[in-house]
Amino acid sequence: MQATARARSNIALVKYWGKRDAALNLPAVGSISITLDQLWSDTHVQFDEALTKDDLLLDGHRQEQQSMRVTACLDILRELAGTKLRARIESANNFPTAAGLASSASGFAALVAAADAALDLQLGPRELSIIARRGSGSAARSIFGGFVEMHVGVERDGTDSYAEPLLDRQDWPLHVLVAITARGRKEISSGSGMTQSASTSPYFEAWVKTHPADLDAARQAIFARDFDHLADVSEQSCFKMHAAAIATDPPLLYWNGVTVDCIHAVRALRRRGVPVFFTNDAGPQIKAICEASAVNEVQAVLADIPGVLEVLQTGLGPGVEIR
Ligand code: DP6
């Protein structure tokens with residue numbers, strides 16, 4: 001009754017920000033993401049009758065705080081398998097969690113897939129996506145590789161709120177460079193940030209209202225491999241999310257000065273005809289998405305910005321794998 005899974009991290013081009021149901025972790029908006037090849041979580045799950053509660057080790061450290069969400073995901077799988085057995089979970093990221101890169105997406109996707117295999121449930125990827133969503137909204141997308149769309153859904157039980165693949169990574173092999181501008185954990189998690197935005201930001205309503213058009217535009221751009229259109233809609237979605245966040249009370253300003261320098265540098269490159277655009281999440285790191293031909297130039301420009309500590313490089317990755 002044990003298994004190991006590897007799931008990759010992902011970054012949203014059209015962002016998820018806001019929940020319509022906190023208990024089921026249902027998003028207020030859909031989202032579109034790309035799965036990253038070189039940033040992953042390896043998660044081993046072992047069900048053991050000697051345990052009285054689930055036991056989670058993240059990068060060798062016992063985690064008390066996250067284990068509520070882990071147990072919530074495992075409870076769904078336990079019910080399907082008709083077992084009450086508790087599990088020992090050992091999860092390791094190959095990228096520094098303290099760098100402020102989302103590890104909950106890859107972590108929960110790997111957890112759900114490993115537990116499914118350990119219990120021999122053989123659920124399909126859509127069911128895994130729905131269960132991973134309960135752990136973290138972005139984790140629903142990390143079940144799949146390449147370009148992925150998360151559906152907002154309308155059902156109150158969340159059965160139509162899942163991710164599905166849009167385009168294989170081989171069909172448009174974009175690259176991503178991650179500029180690390182600060183180390184250390186962020187102060188306000190995405191989950192609580194978006195909840196505060198929804199209740200206090202005067203721009204939250206406009207964010208939700210204008211969001212479906214961004215999803216349509218991004219989907220069309222991906223199907224047409226239209227880099228410029230994908231760049232425009234992605235940067236706008238990112239700016240809109242941050243506008244809603246900044247106008248939250250108290251404000252959520254996730255950027256430092258170097259973050260803003262990176263945004264200007266990426267936009268200046270694109271004005272010069274280099275196929276690159278930026279996105280950024282609930283933290284200070286900048287992700288530059290580019291065509292293969294631009295990787296070296298983008299890497300050099302970002303690495304040269306004072307205050308950029310490190311630049312990670314990756315292509316697009318596959319969906320979750322049992323190892
Ligand atoms: C800004 O998936 O971390 O990265 O569902 O509360 O776990 P929870 O939130 P999470 O939020 C990610 C928000 C984002 C944008 C995105 O990835 O779509």
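Because the structure is a prediction, the values reported are computed rather than measured. Remember, it's 1-based here, ligands and their atoms both numbered in the order they're listed.
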So, does [X] use its side chain to make a donor-acceptor pair with the main chain of [Y] at under 3.5 Å?
X: Arg169; Y: Leu316; result: yes
X: Ser199; Y: Thr195; result: yes
X: Arg133; Y: Pro27; result: no
X: Asn94; Y: Gln38; result: yes

Answer yes or no for Lys19: is there a heavy-atom contact with ligand 1 below 4.0 Å? yes
contact_flag Met241 ligand 1 heavy-atom lt 4.0 Å: yes
Can you tell me which residue and heavy atom of the protein come closest to [atom], and the distance to 0.1 Å?
atom: atom 17 (O) of ligand 1; value: Arg141 NH2, 2.8 Å
atom: atom 7 (O) of ligand 1; value: Ser136 OG, 2.7 Å
atom: atom 13 (C) of ligand 1; value: Tyr16 O, 3.5 Å

At a 4.0 Å threshold, what atoms of ligand 1 neighbour a non-hydrogen atom of [X]?
X: Arg69; answer: 7 (O)
X: Gly191; answer: 6 (O)
X: Gly137; answer: 2 (O), 5 (O), 7 (O), 8 (P)
X: Ala12; answer: 16 (C), 17 (O), 18 (O)

Select one of side chain, backbone, both or neither to describe which atoms of Asn25 lie under 4.0 Å from any atom of ligand 1, heavy atoms only. side chain
So is [X] polar-close to ligand 1, meaning N/O to N/O under 3.5 Å?
X: Trp17; value: no
X: Lys15; value: no
X: Met194; value: no
X: Ser31; value: no

Testing the 3.5 Å rule here: is there a donor-acceptor pair between the side chains of Ser142 and Asn10? yes
Using a cut-off of 6.0 Å, state whether more than 12 heavy atoms not belonging to Glu49 lie near its atom CD. no
Heavy-atom nearest option to atom 4 (O) of ligand 1, drawn from Leu26, Thr195, Asp281, Asn280: Asp281
Tell me which one of Ser103, Ser190, Ser138, Ala105 gets a heavy atom nearest to atom 2 (O) of ligand 1. Ser138
Using the side chain to side chain donor-acceptor pair (under 3.5 Å) criterion, which residues pair with Asp249? Sequence neighbours excluded. none
Testing Arg88, Arg323, Glu90, Gln2 for side chain to side chain donor-acceptor pair (under 3.5 Å) with His44, which one passes? Gln2
Is it true that Ile143 and Val148 fall in one hydrophobic cluster, defined by side-chain heavy atoms closer than 4.5 Å? yes
Test His242 against every option in Trp207, Trp17, Trp255 by the ring-ring contact (aromatic ring centres under 6.0 Å, His included) rule and name the one that passes. Trp255
